[in-house]
Every structure is written in structure tokens, then in C-alpha cells.
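Here the structure comes first, spelled out in C-alpha cells, and everything after it is commentary.
Convention: sequence-line order gives letters A, B, ...; per-chain numbering from 1.
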Number of protein chains: 2
Amino acid sequence: MDRRQRRTRSLIFTAFSTLLERKSYTSMTVQDIIDEADIGRSTFYAHFETKDELLKALCIEIFEHVFSDELLSEENHDFSHHSTFKDRITHILYHLQEKQQSIKGLFSGECGEVFLRYLKEYLYCVFDEHIIVKDNIPRDYAMDIAVAAFSETVRWWLKGHSDYTPEEISRFYFESVDI
Amino acid sequence: MDRRQRRTRSLIFTAFSTLLERKSYTSMTVQDIIDEADIGRSTFYAHFETKDELLKALCIEIFEHVFSDELLSEENHDFSHHSTFKDRITHILYHLQEKQQSIKGLFSGECGEVFLRYLKEYLYCVFDEHIIVKDNIPRDYAMDIAVAAFSETVRWWLKGHSDYTPEEISRFYFESVDI
DNA sequence: CTGTTACCGCACACTATGTTCTGTATCTAT
DNA sequence: ATAGATACAGAACATAGTGTGCGGTAACAG
């Protein structure tokens, strides 16, 4: 990827994140982002088709990191091979904590729901591998609840209670959801 | 309230609901609603300031019914005095089932999240009265999870699994969430 | 019967969007 | 180092949707 492209892409992302801290997503216009990033109009549209695509791209960039397995070895926390489901969850929470600053803005207002929707998609894959469901409950229901409760946990944590540790959050989650 | 006003309001609501079954909320324009309802442009704006206000008004109209206590006496189900929390929940599920047709369209796409956000506001009040939280878990966390899990339950139920009875749904919920 | 109110429908200013074009700067490969 | 490709700036443009304003008509309430 061209250096100029990376630079512009980065300018747009940071402008977008910065604006999210003062403006709501829907009230924010493409023009606002262009002005904040200080780039040409056509340049923006060369990178992203719409404002929604920009949001999606930013979310994906964050999740690529949060759910990446490559980074495990680089970690100082010893979750090299996720023996238990709880370890895997705690590990994801650690990664989310690292990206806290980037994520915080995304929670504000309407795009918080978009962020959490994308988060759920990734979580669904992780949970699908580990979850064991009681036989008197439909599996897809249990999945939905487990994922929704976890994404709500993340929202609660990073939006005003970020002083708790990943381990504590993990404990809260597993004591509240019966899976 | 004037008969003409009620008529127009109703026309707008039904037009909006009808459109939601073919178009997504964001792609839907005020003009679309006006055309579908077959009313004048200025008439729409005399009733609702924005599209969002319309959505809000529709949600509120539904919830006013679902969470109303007056209707209890009219019910054939005997939940006259909600002795237990579970009874109260089951009762709400019955009311949601009645409004199923109106609600179904609201789940599609982006406005589903708006609907669920408003639903959560009402649920928060109900849960706040009944919930008893373990002392090693923050109360506001437990509340958030309980409410989020229930709203997700409602989404799952009405969006593709509406063949289950309110009692079954209630059981699923209380077996999955540990409160 | 009369004053009030809601509606129609048309027009208008305004804002944001997405595209297109030309010239310039920056990168890449031979 | 030079040549061709690519990304960017800046401006112009058509398009579409928004919200408001006004005169005329029909329905309502007392």
C-alpha cells in the first residue's frame, strides 16, 4: 500500500475519531470529516464510498487486532494456548483494553450500536467454538444471549467503569450469565 | 384530539410500518412516507419534526400499551397482582405478543436498535423494582446485563421464533441469566 | 351559521451528497 | 535520473432531500 494512501487513510480515521468526541455520528457530515482531516473532497471518496463504510472500516481495523491470534505470543500475559473459554474471554478483554482510546469515541450515540453489532459478529465465531448449551434451551438462543450479554459487558466496562481489571470483568460476566 | 389529526397520524404510522417491510430505515426518506401515506408535505411536518421523532412516537405508542397496568384487568390471563418478578416478565411478553405485527417491521435494519434502546428504558424501570443482586457484583452492571439479555430475548423471539409461548420464553430467560 | 383548525399543494432556499475534471506532487521501476 | 503511473488538491456541477412559508379548501365545534 502506498505511503500516501496510508497517510490519508490515517488522517481520515483520526479526524473521524476526534469528531466523534464532540459530534454525534448522524449529525456529522462527510464535509466535517474532510475539513477536520484537511483533505480534498474527492480524496475522501477515493477511500470510502460513504460515511458508513468509513465506520465499518474503522471497526474492522480494531477487531482485526482484538481478535487476532498472532499477537498472543507478543503478549506478556500468559494466554498462549487458551485452555478454557474463560481464558479466551479474558484475553479478548485485555486486547479491548489496549484499544480503549480508539474505542471510547465509537460508543457515543448511534454508532455505538453499529460498533457493538460488528463486535457481536466476531464474538459469535468465538463463542460458537467454546459454548456448551443446556439441552433444554435452544442453542441459537443461548448463543444470542451469551454474545449480547458479553457485548453489553464490554459497553458497560469501557463506558464509565474502565477501572476494573479484565479478570474482574470476566468474573462479573460468568457469574451473571449461566452458560 | 381532532378526528382529522387522528386519521393523519394513523396514516403516517401505517405508511411508516408498511415501508419498513420493504425499505431500510436510513434509506427511507420523509418523501417516501409522505407518498405512501398520500398526504401533503407540510402535513407531515405539522405532526412530526423529523423521521426520528416519528420512530420515537411509534415506539412510545407501542410501549404505552405493553407496559400499561390499566390493561391488566382487561386481560384474560390472571396476572392481576404480579406476585413474582417472573410473572411480571411473562405478562410483558404476553403484551408484546399482542403487538407482534406492529413490532415486527421495527426490527428490520437500523431502527431495530432504536426500538430496543427505548424498550430497555422501560425495562430498566421494571427491573429496578424487582431485581435482587448478588453482593459481589455491581448493581448497575447486573441491571444492564439483565435488561440487555431480556431485550435480546425479545428480539430473538419475535424475529423468527414467535412460535414459542411467553411462558417458554420466560423460562429460557431465567435459566440463562443468573440474577 | 360562524369562527377555527387541519389539510393540500406548490414554491423556495438551503444543505449535503457524490461525481468529474484539470493540474500538481509523490511514488516506483528501469 | 528519467519516465510513467498513481494519489492528491481544488473547484465545479448535477442531484436529492430537507424544512418552511403561504394562499386556498374542506372539515370540525359551538
Side-chain angles (χ1 to χ4, degrees), chain A residues 1-61 105-106 108-114, chain B residues 1-61 105-106 108-114:
Chain A
M1 200 179 187
D2 200 312
R3 209 179 76 185
R4 294 168 296 178
Q5 273 183 303
R6 283 200 306 273
R7 182 181 165 273
T8 304
R9 193 180 162 89
S10 171
L11 280 172
I12 294 173
F13 275 151
T14 48
F16 180 61
S17 299
T18 309
L19 280 172
L20 270 179
E21 288 166 19
R22 335 184 210 122
K23 282 179 89 90
S24 77
Y25 177 70
T26 39
S27 73
M28 186 193 308
T29 65
V30 174
Q31 192 61 51
D32 290 333
I33 302 167
I34 288 164
D35 292 342
E36 178 71 29
D38 196 30
I39 56 167
R41 180 166 195 71
S42 44
T43 306
F44 177 89
Y45 285 105
H47 282 262
F48 305 101
E49 286 191 0
T50 62
K51 199 176 58 169
D52 288 351
E53 288 296 316
L54 165 60
L55 173 57
K56 185 176 181 176
L58 182 57
C59 290
I60 287 173
E61 201 155 279
L106 284 173
S108 60
E110 324 83 74
C111 71
E113 275 131 11
V114 179
Chain B
M1 200 180 188
D2 199 312
R3 210 178 74 185
R4 292 168 295 177
Q5 274 184 302
R6 283 200 306 273
R7 182 181 166 274
T8 304
R9 193 180 162 90
S10 171
L11 280 173
I12 294 173
F13 275 151
T14 48
F16 180 60
S17 298
T18 309
L19 280 172
L20 271 178
E21 288 167 19
R22 333 183 212 124
K23 282 179 89 89
S24 77
Y25 178 71
T26 38
S27 73
M28 187 193 305
T29 67
V30 174
Q31 193 62 50
D32 291 333
I33 302 167
I34 288 165
D35 292 342
E36 178 70 30
D38 194 29
I39 56 166
R41 179 166 195 72
S42 39
T43 306
F44 177 89
Y45 285 105
H47 281 261
F48 304 101
E49 285 191 0
T50 61
K51 199 176 59 169
D52 288 351
E53 288 297 314
L54 165 60
L55 172 57
K56 185 175 180 175
L58 181 57
C59 289
I60 288 174
E61 201 155 279
L106 284 173
S108 59
E110 324 83 75
C111 71
E113 274 129 12
V114 179

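- Put simply, CG on B/Leu54 is 12 Å from P on D/dG19, counting in whole angstrom units.
- Pairing each heavy atom of A/Met1 with each of A/Arg6, the nearest pair is O-NH1, 2.7 Å.
- For the segment residues 27-39 of chain A, residues with any heavy atom less than 4.0 angstrom from an atom of DNA chain D are, sorted by number, A/Asp38, A/Ile39.
- Remark: side-chain polar atoms of A/Tyr25 are paired, donor with acceptor, to backbone N or O of A/Asp52 under 3.5 angstrom.
- For the OP1/OP2 pair of D/dA7 and a distance below 4.0 Å, the side-chain nitrogens and oxygens of A/His47 include no atom meeting the criterion.
- Nucleotides of DNA chain C nearest to B/Arg6 and A/Met1 differ in position, and the one nearer the 5' end is that of B/Arg6.
- Taking atom CZ of residue A/Phe44 and atom P of nucleotide C/dG18, one finds them 9 Å apart after rounding to whole Å.
- Checked against D/dT18, D/dC28, C/dT17, the side chain of B/Asp2 finds its nearest nucleotide in D/dC28.
- Residue B/Thr8 has a polar side-chain atom (N or O) positioned under 4.0 Å from OP1 or OP2 of C/dC7.
- The nearest pair of heavy atoms linking B/Cys111 to B/Leu55 is CB-CD2, 3.6 Å.
- B/Gln5 places its CD atom 11 Å from the P atom of C/dT5, with the value rounded to the nearest Å.
- By the 4.0 Å N-to-carboxylate-O rule, B/Glu36 lies close enough to B/Arg22 to be salt-bridged with it.
- Within 4.0 Å of B/Arg3, counting heavy atoms only, lie sugar-phosphate atoms of the nucleic acid but no base atom.
- Residues B/Ile12 and B/Leu54 approach most closely at CG2-CD1, 3.7 Å, considering heavy atoms.
- Between B/Met28 and B/Leu19, the shortest heavy-atom contact is CE-CB, 3.6 Å.
- With hydrogens and angles left out, the side chain of A/Ser42 and the base of D/dG10 share a donor-acceptor pair within 3.5 Å.
- When the P atom of C/dC7 is taken as reference, atom OH of B/Tyr45 falls 16 Å away, rounded to whole Å.
- At a cut-off of 3.5 angstrom, the base of D/dT6 holds at least one donor-acceptor pair with the side chain of A/Arg4.
- Remark: the A/Arg41 side chain and the C/dG18 base include a donor-acceptor N/O pair separated by less than 3.5 Å.
- Heavy-atom neighbours of A/Gln5 CD from other residues, nucleotides or ligands within 6.0 Å: above the threshold of 12.
- Rounding to whole angstrom units, CD1 of residue B/Ile12 and C1' of C/dC7 are separated by 11 Å.
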